[in-house]
Amino acid sequence: MLWLQVLVNGLAVGGLYACIAVGFSLVWGVLNIINILHGSLIVLGGYLAFFAHQYWGINPFLFAPLAGAVMFAGGVALQYCVINHVMARPFLITLLLTFGLNLFLDNSMLALFSADYRKVLLNPAPGVFDLGSIVVPADRIYATLVGLVLISALALLLRFTQFGRAIIAVRMDRDAAALLGVNVRWTYAVAFGLGVFMAGSAGALLSAIFPISPVASAGYLSKAFVICVIGGLGSIPGAVIGGFALGVIESFGALLLGPEHALTLAFVLLIALLAVRPSGLLGRQGFA
Amino acid sequence: MTALLELKGVTKRFRGLEALSDINLSLKSGEIVGLIGPNGAGKTTLVNVITGVHTADAGSITFNGAPIAHMRRDRIARLGVARTFQVVQPFPAMTVLENVTAAALFGGGAASIAEARDAAAHHLAFCGLTDQAGKPAANLTLAGRKRLELAKSLALRPKLLMLDEVNAGLNPAEVDAALELITRIAAQGATILLIEHLMKVVTRTARRLVVLHHGKLIADGPVASVLSDETVVEAYLGRRYAERMAGAGI
Amino acid sequence: MMLRIALPLALPFAIVAVAFVLLSQTDAYIIRLATTFGMYAALALAWNIIGGIAGYPSFATAAFFGLGAYVTAVAQNLGAPLLVGVGLAGAGAALFAGLLGSAILHLRGKYFAIASLVIAEVLRELTNSWTSVTGGGMGINLPLAKTTLLTQPQLYLAAMLFLAAAATSASMLIDRSRLGVALRCIAQNEDAAQIIGVDTRMAKTWAFVISSLFIGLVGGVYASWVTYIDPTDVYDGAMSVKPILMALLGGVGSVFGPVLGAFAYLLLEELLWRNLLEFHAGILGLLVVLLVLFLPGGLSQIRGVGLVSLPKIWRRAP
């Protein structure tokens, strides 16, 4: 029964983890950028949800898309005005740029909100679903469900809207897409914005589960890395599978080695996986 | 006379598709052999398997008595297997001389950089590139880059030299110059495998012809007899090819 | 021939010896600054061996730096003298790089960058949780080194400058050696390098090991200098990025570029730090952004951009 409980614990956060990684994966896949800023964006989404709950009493699980929408605008602007200037440069340059932006955002949040850990305390507390021999924490289930809904919405957007098709076209072949009349600059900006949307939403979702602090941003970025490498970079199904896989791995890692080693285990796994199979378990697939 | 290169039952699959199936091929020292076949026949794959870019799924490859089927490519190169690429592969930011020096230093077994540079200068002269020695490789014309590929290959002091479409994209005068160069290389004693589309090149330089089609070796013998083989000409090179060859008076 | 080997060996050390004599009697601030410069220059030069000359963008500097710092700290707490402790730091980092290299050096581009980025995180977590040896998150104190001839600040000034000189010599020697030629071939076209017979695996591993050796040594000296380290300090991700910035500032792939870059970076850092203590990381971030956006030179090439372009040392025309 213990094993089943541990498995369920892992699966319960799977959708949330997928949500953490899918934006990172989208930006990697379409813009070919490693977005170091991603972890800080998640934390920022968490703060938005925290203050929305504190001042207006909005439930963070419902607030998630709104947090994403607010940040989407900022993401589009950031990409269009700053990141776009280095899109043609070697990836070391784009990586350094997002690293610099990350330092700036992290330090700004540190100055504004301090390093104290905060958490949305829901009233009444969500409690647990009691399934007899095992219990499932309700907050994680809510987060995972909302996360999966948002991911599905993103997948539908990419597949069935003209804009989504443009993003996929740019991912497949940038020059051909440009010849077909796709505005590549604008497409990049919106794709980045969508990545930021998912980061912000993920942050809001986890604000009621995990403590929020600027110093936590590197941890979320690391999770996004691991998830993407497990599932294969640049695909939505990959991020979902990787999210659930990381949830389960962490859960069992915490059981077997102690909770403080859960992430280390995931990292060691990541290096091993990179060494053996760099394209991830699902390999490279088209986005959508 | 023992074979320099011996392939036995070499098979290579890509995602279930057989790019090479059961290839048996033996090259003797000092031979010039033409390898022909339509696009997608597996010619470049064969070269890639011999040079260790791909690993054969089955079969054995022996070079100069040593099994090389599972050897790393740099070791194969140091044994004396050189190749040129269909798409040229220079070190773009290095000069022409530096490109060839690097080849002489690692594949050619030069004892020092100075010695490698001397050898490189010699190979550049041989390939008619002395004037261009100081230019960055990226600034060469296509014909120049193909010559650079040849010079780099020669700097490896190869026992076996595989020339993959060295003449593709060159104009007739450049092809003639390249052919003359190949003939001079052959005169130095290296075994040459000439992968070609242009019949003129193959028939002028090679005595023996090997034909690949759909990954299978379908003919192997003296040029005249392979070319007069109706099935080879019609079924595997296509009717238009046959007519062109007839028109060229072959 | 002798001169070609002897000169790169002797010259950096001679310059550093003169600098030490001139600087050692100045006030504490200047000595601290010069020590930091030696550290930065050594780190930038070390990163440049794998990241610049070989073109493998390593983000593992913090990992080897932290590892070196902790190896020294633990060794000195067990009674090892300073020199032995620092030596072990270098050896430990080099050995770890050799093992790690066989796992991640076959990865190219972004995948290598990610794998190298993660190493520091793993080591930090391990250091954090291995409390009995490392002191965990509380950090660890180092004993004061026994010195007779020099004061403490003078000792570490000498040590860091010495490492900078050694890293310069190593870079110059690599640049003129077979290894240097192999690494440049790898940086420009790894497939073509293999085809001309370069043992790319061996060359990359050597570059990674030599680079990490210096980073480990610097980490060891740093730990002894500051006498207290903790995991967040020595495995700081910024430590991986600063040497890259310095190399970019000065010229990636060149021998002296990283030294100039380290100097330029230190000046910028000093100007900003003193005025903006609270927000210095944010300013460093802005600085990175501005540098990346407005770095002079070719837009698609990073090699040879910066203050010093590609050296032409082994490029002697016939």
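Throughout, protein chains are lettered first and strands after them, A, B, ... in sequence-line order, and every chain is numbered starting at 1. Not measured: the values here are computed from a predicted model.
Proximity to chain C (any heavy atom under 4.5 Å) is shown, for B/A137, by neither the backbone nor the side chain. Of the atoms belonging to B/A82, not a single heavy atom falls under 4.5 Å from chain C. Only the side chain of B/L156 comes within contact range of chain C, with at least one heavy atom under 4.5 Å from a heavy atom of that chain.
Separation of atoms CD (C/Q188) and CE (B/M94) is listed at 4.5 Å; rounding is to 0.5 Å. To the nearest 0.5 angstrom, C/R178 atom CZ is 4.0 Å from B/L105 atom CG. Note that the CD1 atom of C/I196 and the CZ atom of B/R78 stand 11.0 Å from one another [nearest 0.5 Å].
Judged purely by atom type and a 3.5 angstrom limit, B/Q89 has no side-chain atom pairing as donor or acceptor with the backbone of C/N189. Of the possible donor and acceptor atoms, none in the side chain of B/R83 sits under 3.5 Å from a partner among the backbone N and O of C/I195.
Counting heavy atoms from C-beta on, the side chains of B/D74 and C/R201 never come closer than 4.5 Å. Counting only heavy atoms from C-beta outward, the side chains of C/T200 and B/R72 never approach each other to under 4.5 Å.
By the 6.0 Å contact criterion, CZ on B/F63 is enclosed, its count of non-hydrogen atoms from other residues, nucleotides or ligands being greater than 12. Shown here is B/K135, whose NZ atom has more than 12 heavy atoms of other residues, nucleotides or ligands within 6.0 Å. Remark: C/F13 CZ is packed, more than 12 non-hydrogen atoms of other residues, nucleotides or ligands lying under 6.0 Å away.
Ranked by non-hydrogen atom pairs under 4.5 Å with chain C, the options B/G134, B/A77, B/G108 are led by B/A77. The most heavy-atom pairs under 4.5 Å with chain B, out of C/A192, C/S177, C/C185, come from C/C185.
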